[in-house]
Amino acid sequence: LAIALLGGWMTGWRSGHVLPAVALVGLLVYDLLRGQGMLAWSPLSYSPAAGARFYGIGNEYGGALLGATLVAASGLLSRRDRAPWWERPIAGLFLAGVVALVGCPIWGANFGIALGCAVGFGLFALYLWQSRPAGQHMVAVAALAIAFAAGAISVGVLIQGAEASHIGRWLAGLRSGGWAAAGDVIARKLAMNWWLVRVSLWTEAAAAGLGVLVAALLARPGSLVAGLKDRPWLGPAVAAGVAGAATSFLLNDSGIIAAALALVYVAGALGYVALAGSPVKVDADGEV
């Protein structure tokens with residue numbers, strides 16, 4: 001809250017949602033590169049309660065990193081009326097670096113979140129060069145995102161061995177037990193995710209985030225329309241966040257947690273803009 005108030009004050013209450021996202025991304029990237037010391041002791045992870053995770057980034061902070069990175073990128077790119085051309089490739093390279101960081105067992109060790117980030121960041125990267133990406137572009141980006149995330153995992157497995165991550169262990173089980181063993185793992189993860197959907201409070205958070213997005217899409221209040229015109233990269237960030245959240249939900253055994261935290265950031269940013277957006281001007285024809 002203090003960081004959000006500081007960010008709002010620094011930007012004339014135009015972009016109070018950006019600084020908390022930038023701060024979270026910076027802290028998580030720093031901690032992953034330094035050995036995950038802060039993540040291991042965070043109350044928003046498994047380690048303090050059960051010692052269930054001793055490495056990498058869990059689905060909780062993985063989802064938050066997905067949403068916060070998109071909000072941070074959209075806020076930094078939208079700080080001027082027209083972003084310089086060189087900011088776009090830098091943004092694309094940073095997004096690719098985050099995917100590699102999350103997916104590689106040396107640092108992030110989370111294959112499902114890496115794929116979620118790859119899909120979400122890949123869609124956002126499309127908007128960096130395409131005002132209206134076509135369907136074939138999205139399919140190509142999805143394929144490249146999966147290949148990129150799989151490559152990051154493979155590099156880590158080669159360096160640290162199969163036991164360095166869950167996906168490495170799954171591949172080792174596939175070699176030893178065949179597709180039946182792999183199917184058991186998939187069924188167990190699906191059952192775990194469905195159980196969490198039914199009992200976790202994060203389901204309510206995800207429903208609230210989706211509710212905000214659906215209401216904004218259907219109602220299209222004038223302040224939101226004006227705010228999105230004033231922040232041209234926020235719309236692509238929201239679309240990319242929803243795609244990344246959906247992918248994370250489908251590919252993680254606690255995917256509802258990752259999806260909810262990703263949606264909290266993109267829906268929160270959209271709500272902030274709608275409530276504190278630019279003044280609305282309507283012409284004689286009713287156009288905003």
Side-chain angles (χ1 to χ4, degrees), residues 21 24-25 28-29 32 39 44-46 53 55-74 91-92 94-105 107-127 133 138-154 156 165-168 170 186 189-190 192-194 196-197 200 202-203 205-206 209-210 213 236-269:
L24 181 75
V25 173
L28 286 177
V29 169
L32 287 172
L39 283 170
L44 196 62
S45 71
Y46 290 163
R53 177 173 293 278
Y55 63 89
I57 187 168
N59 292 334
E60 299 88 354
Y61 276 111
L65 179 63
L66 194 166
T69 301
L70 290 169
V71 171
S74 69
F94 179 76
L95 295 175
V98 172
V99 174
L101 184 67
V102 172
C104 186
W107 297 296
N110 195 317
F111 185 64
I113 293 296
L115 287 176
C117 288
V119 170
F121 296 170
L123 180 57
F124 185 79
L126 263 184
Y127 281 100
M138 296 184 184
V139 172
V141 165
L144 289 173
I146 293 172
F148 188 83
I153 293 290
S154 301
S165 68
H166 292 307
I167 189 63
W170 184 77
I186 294 174
K189 288 182 175 293
L190 290 175
M192 178 65 158
N193 200 13
W194 177 238
L196 284 172
V197 167
S200 173
W202 289 111
T203 302
L210 286 175
L213 296 175
V238 172
V242 172
T247 304
S248 300
F249 171 72
L250 294 173
L251 298 180
N252 288 282
D253 54 4
S254 54
I256 187 62
I257 300 175
L261 281 158
L263 290 173
V264 161
Y265 275 87
V266 294

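The figures that follow rest on heavy atoms only: side chains count, while hydrogens, waters and symmetry mates do not.
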**Asked** Considering residues at least two apart in sequence or located in another chain, which fulfil the side-chain contact (heavy atoms from CB on, under 4.5 Å) criterion with A96?
**Response** F148

**Prompt:** Can you tell me if S248 uses its side chain to pair, donor with acceptor, with the backbone of A259 under 3.5 Å?
**Reply:** no

**Asked** Just how far is it from atom CG of L28 to atom CD1 of I57, taken to the nearest 0.5 Å?
**Response** 5.0 Å

**Asked** N252 pairs by side-chain contact (heavy atoms from CB on, under 4.5 Å) with which of I113, T247, N193?
**Response** I113

**Message:** Test of understanding: with side-chain contact (heavy atoms from CB on, under 4.5 Å), list the residues that count as partners of A68, not counting sequence neighbours.
**Reply:** A21, L24, V25, Y265

**Asked** What are the two closest non-hydrogen atoms of A114 and V99, and how far apart are they?
**Response** O-CG1, 3.8 Å

**Asked** Is there a side-chain contact between N59 and L261 (heavy atoms, below 4.5 Å)?
**Response** no

**Complete:** Sorted by chain and residue number, the side-chain contact (heavy atoms from CB on, under 4.5 Å) partners of A206 (sequence neighbours excluded) come out as I256, A260, L263

**Asked** Do D253 side-chain atoms and M192 backbone N/O form a donor-acceptor pair below 3.5 Å?
**Response** no

**Message:** With rounding to the nearest 0.5 angstrom, report the CG to CH2 distance, L101 to W107.
**Reply:** 7.0 Å

**Complete:** Value for OH (Y61) from CG (L39), rounded to nearest 0.5 Å, stands at 7.0 Å

**Message:** If I compare all heavy atoms of L70 with all of A240, which pair ends up nearest, and what's the gap?
**Reply:** CD1-C, 3.7 Å

**Asked** Who passes side-chain contact (heavy atoms from CB on, under 4.5 Å) against A267, sequence neighbours left out?
**Response** V212, L213

